[in-house]
Amino acid sequence: MANQSLIIGWDKQTVVALAGTAATGIVRVGAHALFDWPEQTMPTQTPVQAGQWLRKQLDAAGIRETEAVISLPREDAVLRHLELPDVPDDELPEIVRLQAATKSSLPPDQMLIDFLPLPSVHNSQQRRVLVATIPKSLAETLRKTLTAAGLELTGIGLGSLGVAELGCRSATPAYGRALLVLNLGYNRLELDLVQDGQLLTTNSAYFDADRLSPAVIQAEINRTLVATQQKLGEVSIGALVAFCGPEQQPYLAALRERYGETLHVIDPLNSTLLQATPAIASTEHASLWTGPIGLLLNRSAGRLAGIDFLNPRKPVVKRDNRLLRYAAIGGGVAVAIALGLFGFYSHLSNLDEELADLKRQHQDLTNELKAAAPMLTAKQELDAWLARDLHLVAELDRFQQTLPGTGLTILNQFQLDAANPNPKNPPQYTASGFAVDRRSVEEAQAEFAARGFKVPPITLKQNRLDEAYPTAFTLVMEQPAPIAGQAAKTTPQTPIR
């Protein structure tokens, strides 16, 4: 099968792997495998040995791919709802990164971050996002294990997104109402809330297999709804999709009585969205396949925005003063925090491997600081400009009213030079035009001086293009100090010619 992708569901104990395609909206799986990690070769303890063992399992299953995407369980990531300023979409990644760093217990350089935009609130001055973070150490463990297995790690996603993706393709609630998606295993329940094509939240819970009951399932649903409504407001369930194997379906009888026809119970291994050759045997581990199957579909032709910790959303390179202000302020804080943490952690270990890693971190932070320097300078210049409170239209109005009337002078160019960042230095005007005679220009010069302008000697030339205005002049002046309490005019008046 050409152009296959390998998705590995990375559960702490049981791992599933499937190689397939999903370009047409149907997941077609060629080779697949399910196995448990041996106790003596756990990736967190011996990643190299675990990778070598993984390679043997993949070879036995006929999986020959050289690249892999990891599907993590919900509990391996920390998810938070954040409220941010109402900024454009291309500015969100940088703002989210800075805000997430202040909320996390991990230093910024020790975690990977991605996020999902949430539905906007009418007449709100804030944006809401769902931020997901994982420790960078987890990503390094995954990379070392896959490298030992002869695989390149190309992405790290959340199985919850895959479950939600399959749910969106299995039922569609009315507009404005939410879809509740359950993924039920023999000792684990995962819940996703989706509304208007966006994932609102995702949650998971473990319990003893003998304690599974309809009451436990309903309690977890209620807990998720209450927590979501506290963050995002009222949420109304319009449809419910439950993925589970045949062993768990009897526990959903109470949900069927409550939700009626809006409840759709689906065995993920017998779904119309899946074609597997050979077929995947339906077992009590059926729920472990839901996330990887849906993640393969999400990454190929997803209806929902995805999360990838290795390839997160990045800001668009765009000249925008607001982005400079946010990045300069937040970037300075983030760099200061990261540098402080680097100084603290650099002396904790003298092992060669950790020391080399700390040196790489130091170089990354130095590059960030150098990259932020132009933004800091731009912010300072922007603040100085705003502090001067210049009104070009009002200044042009005042300038034209000072010129002699009755058509003695014509102003054809007006320039306000406010490049000096020091607010104490007044801006400089450069005005040029034509006059009927030299005396008119000298009278204008005297009038400007009387009004407080600092007027150096005037430059006069001959105008050969208009006999009625033979004198060309250029005025270079400094603005007088504004009069306290005087309102700026905004409607220019043109002298009569």
Side-chain angles (χ1 to χ4, degrees), residues 5-19 31-79 106-107 109-114 132-163 183 185-188 190 204 206 283 285 287-293 295-296 299 307-312 349 351-354 356-358 360-361:
S5 297
L6 174 60
I7 307 292
I8 300 179
W10 198 271
D11 190 80
K12 290 180 176 59
Q13 181 60 39
T14 304
V15 176
V16 299
L18 59 90
H32 52 82
L34 181 149
F35 50 84
D36 292 336
W37 290 109
E39 294 183 0
Q40 66 276 15
T41 56
M42 300 297 290
T44 54
Q45 300 172 1
T46 56
V48 175
Q49 290 84 342
Q52 295 171 350
W53 184 85
L54 173 63
R55 181 71 266 170
K56 295 179 181 179
Q57 309 308 310
L58 297 178
D59 289 341
I63 298 176
R64 305 288 185 243
E65 276 63 34
T66 58
E67 299 178 349
V69 174
I70 296 297
S71 171
L72 292 178
R74 163 63 182 85
E75 49 273 15
D76 279 359
V78 176
L79 272 71
L106 288 176
D109 60 334
Q110 294 186 18
M111 62 182 179
L112 301 180
I113 305 172
D114 201 1
T133 62
I134 62 171
K136 186 177 289 186
S137 59
L138 173 58
E140 290 302 316
T141 297
L142 298 174
R143 193 186 304 275
K144 290 179 181 179
T145 306
L146 292 188
T147 299
L151 295 170
E152 179 184 357
L153 179 62
T154 59
I156 302 177
L158 281 179
S160 302
L161 263 297
V163 174
N183 188 33
Y186 75 100
N187 69 338
R188 182 178 181 272
E190 186 175 21
S204 63
Y206 280 89
T283 67
H285 296 295
S287 63
L288 296 178
W289 294 92
T290 312
I293 292 173
L295 192 60
L296 178 60
R299 293 178 64 89
I307 284 180
D308 190 337
F309 295 104
L310 282 189
N311 307 284
S349 174
L351 298 176
D352 293 341
E353 182 177 353
E354 295 184 6
D357 185 58
L358 288 173
R360 286 194 298 270
Q361 295 177 22

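For the residue pair G62 and A31, the shortest heavy atom distance occurs at O-CB, 3.8 Å. The two residues R55 and A149 come nearest to each other via the heavy atoms CD-O, 2.8 Å. Residues A139 and I156 approach most closely at CB-CD1, 3.8 Å, considering heavy atoms. The two residues T14 and L288 make their nearest non-hydrogen contact at CG2-CD1, 3.6 Å. The two residues D76 and P135 come nearest to each other via the heavy atoms O-CD, 4.4 Å. When all heavy atoms of L310 and G155 are compared, the pair lying nearest together is CD1-N, 3.7 Å.
Under a 3.5 Å cut-off, the side chain of N311 and the backbone N or O of T154 do form a donor-acceptor pair. Without hydrogens or angle criteria, D114 side chain to A132 main chain gives no donor-acceptor distance under 3.5 Å. Formation of a donor-acceptor pair under 3.5 Å by the R74 side chain with backbone atoms of A77 is found in this model.
Counting non-hydrogen atoms of other residues, nucleotides and ligands closer than 6.0 Å to CD of E39 gives a total of 12 or fewer.
Here the side chains of W10 and T141 are not in contact, with every heavy-atom distance at 4.5 Å or above. With a 4.5 Å cut-off on side-chain heavy atoms, L146 and L54 count as touching. Put simply, the side chain of T133 does not reach to within 4.5 Å of the side chain of L106, judged on heavy atoms.
Rounded to the nearest 0.5 Å, atoms CG (L295) and CD1 (I307) are 10.5 Å apart. In this structure, CE on M111 lies 11.5 Å from CD1 on I134, to the nearest 0.5 angstrom. Put simply, CD1 on I293 and CG on L296 are 9.0 Å apart, with the number rounded to the nearest 0.5 Å. Note: Q57 CD to L34 CG = 11.0 Å, rounded to the nearest 0.5 Å.
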| field | Criterion side chain to side chain contact (heavy atoms under 4.5 Å, CB included) on R64 and D59, from CA distance to verdict | value | CA-CA 7 Å; R64 305 288 185 243; D59 289 341; 3.5 Å; yes

| Is there a side chain to side chain contact (heavy atoms under 4.5 Å, CB included) between L142 and F309 once you walk through the steps? | CA-CA 12 Å; L142 298 174; F309 295 104; over 6 Å; no

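For Q49 and T41, the side-chain atoms include no donor-acceptor pair closer than 3.5 Å.
Classification of D109 and K136 as a salt-bridged pair fails, no side-chain N sitting under 4.0 Å from a carboxylate O.
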